[in-house]
Structure formats: structure tokens, C-alpha cells
There are 2 protein chains.
Amino acid sequence: LIAFNNVSKHYQMGDTLVKAADDISMEINPGEFVAIVGRSGSGKSTCMNIIGCLDVPTSGEYILKGENVGALNKNELAEIRNKMLGFIFQQYNLLPKLTVLENVEVPLMYAGLSKADRRKKAIEALDMVQLSDKLTNMPNQLSGGQQQRVSIARALAGDPAIILADEPTGALDSKTSRDVLGLLQELHKDGHTIVLITHDNSIAVTAERIIRLEDGYVIYDGPADAP
Amino acid sequence: LIAFNNVSKHYQMGDTLVKAADDISMEINPGEFVAIVGRSGSGKSTCMNIIGCLDVPTSGEYILKGENVGALNKNELAEIRNKMLGFIFQQYNLLPKLTVLENVEVPLMYAGLSKADRRKKAIEALDMVQLSDKLTNMPNQLSGGQQQRVSIARALAGDPAIILADEPTGALDSKTSRDVLGLLQELHKDGHTIVLITHDNSIAVTAERIIRLEDGYVIYDGPADAP
Ligand SMILES: Nc1ncnc2c1ncn2[C@@H]1O[C@H](COP(=O)(O)OP(=O)(O)OP(=O)(O)O)[C@@H](O)[C@H]1O
Ligand SMILES: Nc1ncnc2c1ncn2[C@@H]1O[C@H](COP(=O)(O)OP(=O)(O)OP(=O)(O)O)[C@@H](O)[C@H]1O
Ligand SMILES: [Mg+2]
Ligand SMILES: [Mg+2]
């Protein structure tokens, strides 16, 4: 479903070359639940952004559902991204001029749903993260954890096949975190593919498989419960 | 040192009154290490913003070092805030058009230091959070955890008497988190007053005292190690 072939992402900073991703090869199969872990700055979000079609590798190939993503034109790319992927961003990326409800409805427009259906699905998604009383709020009228939950609702509202979650519980108290992880595990049971970035080991071990990054390359790729 | 007398913060949202802070009274003494905990949306950042002189209560008084903060004029307020307080923001609040180094130097301007001294202190603070190789980066060229560490370096560079930390390790891996908490504990040993918001119980128990909030009011205020 998702494959990296020797993917690298480099940034030239003056006379230093920063290797945010360094020759990464891996495969994720449909229905898998993979945790990506590693130190701050090790390349996790860089990989996630490439998987989510928000960034392009400097070299190597990213294959999504058999298609070489680098060879797709803008429209084909937008089509795939909006239909297959739900992205929970590390920094939430809410649109400041839209209400909470409108923010969640935005990705649903690509699914060809009627206005009434988009509204209904968005309301259900926000209810799932206990924000039913904040539908008309603007993002800057929310606490940090509430903003994170809007980002979660937005990613899940369209029921996408692949869910990319970049530290989805970083701003949440432990009870709310458990609820969100429970949601992701239920979606996994229903056949969704989950790629989860976390720096919390207690969360990483709930995945089936762990990919550990260090300085942009893979230092471990195997079962989550191995020693 | 810090006292709330019946502090409330209300927002009128249509015909609902949201009580972000609800009649909170508490005192924090010099040299204490207090953790503020509670669910997402329970009012932690609201209280922190009032303590940090970034927001004003709707009612009640905030007393800082014997001064009623609400009665101070703008200049007196800026003076107190910049000399006494170091604030690590939940959303980092880095200035996007300044480099990492410049971001950390900004608060030091109020301390009356020479340009050379500001530069030296900023470099030391960034070294403390292992970002010496990112001094000339712009904030949008950093990972989430690196941005959080810049926010930490900026708060600590001027060696302020009171450190306000709003979820300072939310984006950090466990090793980096431990380093940051170790820093805060060392500062506490040196006599600094630390107010730390965290939703991580394992971090809260390292404080001396815990204030637990729910729906804007205090439901527990006592020793961290009580049952
Ligand atoms: N400008 C505003 N207008 C309306 N409501 C607001 C505003 N700012 C905050 N609130 C509300 O006040 C409540 C408390 O917010 P606060 O940011 O203090 O929570 P918190 O405890 O820091 O949460 P988190 O752990 O999610 O960061 C929330 O319900 C929030 O929606
Ligand atoms: N636009 C850019 N220009 C230069 N360097 C960059 C840029 N974007 C990212 N980097 C660097 O690439 C490295 C990896 O960044 P990435 O965001 O993938 O880390 P991460 O593992 O997600 O970290 P965190 O856990 O802190 O979120 C970091 O050292 C970062 O500074
Ligand atoms: Mg990241
Ligand atoms: Mg908060």
C-alpha cells in the first residue's frame, strides 16, 4: 500500500547538508498499525509529510497504492490524497478564519458529499472527540488540547482508508488520550491502515509494528512487542 | 509571591457563559515547585496566562510580589513581566521572521544587557537544549520538538525568578523530556519558583505540590505525594 524506496530528504543549510530523511526503505501493508518513533528531530514528521503527499523526497521513490507519487500530476495527487488519507498534524494546522465545524467539513468536500451530509458527518466526528459544545468557536478560542481534537475529528470525519497521526495526543490529558487511542484501535479493527508517530513508548507498544528513526535513517523495523 | 483572590475568567459565547476560570483562590510562595493538572479545557492555560500577565481576570485579583497587577499601568506591568517571569508557551509562540538565536535574545533586551552579553546568554541557553547547530535556522525549518526547545531556551536565558511552563515537554521524546525536567529541578534547587502545567502524571509527581483544575475551578490543592 505504502512503500519507500531509498527515500531521502535533504536540506542545504549554508555549507551543512541536513539529512532529515536518509535513504529510507520500508513497506506498509493494508490494514497494518505501524508506530514511528525516535528522538526529537530524527525525521518522523519528514517521513509522514512525504507519505501524506505534502512533501516530495529529494531522491528515491514513494509508491502509494502501486502509483509512483512523484510521477503524478497535481490533480491526480490531490485526488488520491483527499480520498485515501486522513492527516492529524503535529501542529494541528487549523484554518484560523473558519469555525470548528467548518474546519472539519473542509476535507469532506472532496468526497463529493452533499452539504447536508458533510455537516452531519462533521457533527458526528466532533461529538466523537467531545467537542459538540464548540462547533461555532474559532480555533483561537480553544485550548491546546481542544485544537488537537478538532484536527483529529477533521482527519477521521471522511472515514479515510489510511490514517496518518503525527503525535495525536501530545496536548491531551491521560483520559482523553486513552479515548483517542481507543478510537484509532477501533478504526484499525475495522480494517483501516494506521501510521502513528509518537514519542510515548506506552503508546508505541499498542501498535503491531515499530519503525524507529535516528538522524533520518531506520535503526529498527519490526514487531512492537519484541524485546 | 503569586496570589489569586477569587479570580474568574468568563467568555460570553452567544447565550452560553463559558467559565474558563471559576472563582480560583490560591497562593504560591517563593521557591515552590507547583504542578497544575487537569483535563483538556479545564482552565490550566487560562490561569497561566493570568499569572504571566498576558491576560486579565474578568473578576477577582491577581497579586504578584505584593502588587495588585490589575492596578498597574502598562509600563509597570511590562517591567515586572520581563524582569521576573520566564514563560514557556503551550504553542511555543516563536517569532517567525527571526532566527532561532534572535528569538531567544528578544526577552534579554529588557534586562539591560549589552548586545554581546545577550548573544552569549542566548547561545548558552540553546546549548542547554542541544540546539547549538540550529542557531541560524528560521522557526519553520525546525521539527515540533525543536521549536518547543527554542521556547524553553528563550524562557530560561534571562534566569528569571519565576518560570511558567505550559506543557513544556508535550512534543519531546522521553530522553529529551527527562533532560528538560532535570533542568527545571536544578533551577528549583537554585531557588527559582516553578509553575508547571502538565497532563502527564509521572511529571506532576516530581513537583512539591499539585493544583488540580476541573471546569475552571480548583478540586485539589495539596502535596504531590498524597494518595
Ligand atoms: N477566547 C476564548 N473564547 C471562548 N472560550 C475560550 C477562549 N479561550 C479559552 N476558552 C475556553 O476556556 C476553557 C479553558 O481553556 P484553557 O486553554 O485554559 O484549557 P487548558 O486546561 O489549558 O486545556 P488544554 O489541556 O487542552 O491545553 C476551554 O473550554 C476553552 O474553550
Ligand atoms: N525546511 C527545513 N529546513 C531545514 N531543516 C529542516 C527543515 N524541515 C525540517 N528540518 C530538519 O529536519 C530534521 C527532522 O525534522 P522532523 O520534523 O522530521 O523531526 P521529528 O522527528 O518530527 O521531530 P519532533 O519529534 O521534534 O517533531 C530536523 O533536524 C529539522 O531541523
Ligand atoms: Mg515531528
Ligand atoms: Mg492549555
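Protein chains get the first letters and strands the later ones, always in sequence-line order, with residue 1 at the start of each. Bear in mind the structure is a predicted one, so any value in this text is a computation, not a measurement.
Of the listed residues (A:Ala171, A:Ser45, A:Gly145, A:Gly41), the greatest number of heavy-atom pairs within a distance under 4.5 Å of chain B belongs to A:Ala171. For the set B:Asp200, B:Asn137, B:Thr198, B:Leu172, the entry with the most heavy-atom pairs within less than 4.5 Å of chain A is B:Leu172.
Using a 4.0 Å cut-off between charged side-chain N and carboxylate O, B:Arg39 and B:Glu214 make no salt bridge. Between B:Asp55 and B:Lys9, at least one side-chain N (NZ, or NE/NH1/NH2) sits under 4.0 Å from a carboxylate O, which counts as a salt bridge.
B:His188 places no side-chain N or O within donor-acceptor distance of the main-chain N or O of B:Ile194, the cut-off being under 3.5 Å.
Proximity to chain A (any heavy atom under 4.5 Å) is restricted, for B:Gln91, to the side chain, taken from C-beta onward. With a 4.5 angstrom heavy-atom cutoff, B:Tyr92 touches chain A only via side-chain atoms. Residue contact with chain A, scored on non-hydrogen atoms closer than 4.5 Å, is absent for B:Gln148. Contact of B:Thr169 with chain A is made through the backbone alone, with heavy-atom distances under 4.5 Å.
Distance check: A:Ile36 CD1 to A:Ser42 OG gives 9.5 Å after rounding to the nearest 0.5 Å.
A:Thr176 and A:Arg149 form no side-chain donor-acceptor contact under 3.5 Å, judged by distance and modelled atom types alone.
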